[in-house]
Amino acid sequence: MSTPERPEAIDSDVDLHVPAQRAETAGGAKWPVLAVISAGGALGASARYGLALAWPVRAGGFPWSTLLINVLGCALIGVLMPLISEGGRRAHHLVRPFLGVGVLGGFTTFSAYAVEVSRLLARQQAGLAMAYAAGTLLGALGAVWAAAAVTRRGPAARAGAEYEVPTS
């Protein structure tokens, strides 16, 4: 006997099969969440645009600003999530959608990253394109991990509820 396949949840923190958690997306409850995601996205995208204007990618140059934006955004996500959701902390229910999905989702940019990899490939710089693709991935994952680890050990963590820091 096989078990029926369950659809993937929209939010990894929400199990849509649990009625209390499903309430976040029911009826009018979704509109404040969508509003703060939109507002945060506008702020994050504006910040990314400002940084890209301040540090533009030169024609034929390496896209350092996009690399920095994506790694910095991931580091900030690594700081945010432990502060609002670990160690018994409960932030207002709109904090994570506003800051995590909206601001930091709007700040980081997969689309520009993909376009810049394509441009490097079009300039016959396959090695540099692959290094940029892998470097961004490793830099972003490393930034999330390192920032979360530092945040879990920092003063804000000690001021919150006691909890164990995962070692692996």
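We use all heavy atoms of the structure for the numbers below, so side chains are in, but hydrogens, waters and symmetry mates are not.
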What is the minimum heavy-atom distance between Pro82 and Thr151, and which atoms define it? CB-CG2, 4.0 Å

Full working for side chain to side chain contact (heavy atoms under 4.5 Å, CB included) between Val57 and Ser65: CA-CA 7 Å; Val57 177; Ser65 57; 3.7 Å; yes

Side-chain heavy atoms under 4.5 angstrom apart, residues restricted to Ile, Leu, Val, Met, Phe, Trp, Tyr: same cluster for Met130 and Val71? yes

Can you check whether Ala133's main-chain N or O pairs, donor with acceptor, with Tyr113's side chain at less than 3.5 Å? yes

Answer yes or no: is there a donor N or O on one side and an acceptor on the other, between the side chain of Arg123 and the main chain of Gly60, under 3.5 Å? yes

State plainly whether one hydrophobic cluster holds both Val144 and Phe107, where clusters connect Ile, Leu, Val, Met, Phe, Trp and Tyr through side-chain heavy atoms under 4.5 angstrom apart. no

For a 4.5 angstrom cut-off between non-hydrogen side-chain atoms, does Glu86 reach Met81? no

Is Val117 reachable from Trp64 through a run of I, L, V, M, F, W or Y residues, each pair having side-chain heavy atoms under 4.5 Å apart? yes

Exercise: identify the closest heavy-atom pair between Thr66 and Ala112: CG2-CB, 4.2 Å

To check you understand the geometry: which heavy-atom pair defines the closest contact between Val36 and Phe98, and what is its length? O-CD1, 3.3 Å

Could you tell me whether the side chain of Asn70 and the main chain of Thr136 form a donor-acceptor pair under 3.5 Å? no

Minimum heavy-atom separation for Leu120 and Pro63, please, with both atom names. CD1-CD, 4.4 Å

Going only through I, L, V, M, F, W and Y residues with side-chain contacts under 4.5 Å, is there a path from Leu67 to Trp55? yes

In one Ile/Leu/Val/Met/Phe/Trp/Tyr side-chain cluster, 4.5 Å: Leu34, Val103: no

Minimal heavy-atom distance between Thr108 and Arg48, with the atoms involved, is O-NE, 3.9 Å

Say you draw a straight line from CG of Leu51 to CG of Leu68; how long is it, rounded to the nearest 0.5 Å? 5.5 Å

What are the two closest non-hydrogen atoms of Ala126 and Leu121, and how far apart are they? CA-CD2, 3.7 Å

How long is the straight-line distance from CD1 of Ile77 back to CG of Leu99, given to the nearest 0.5 Å? 10.5 Å

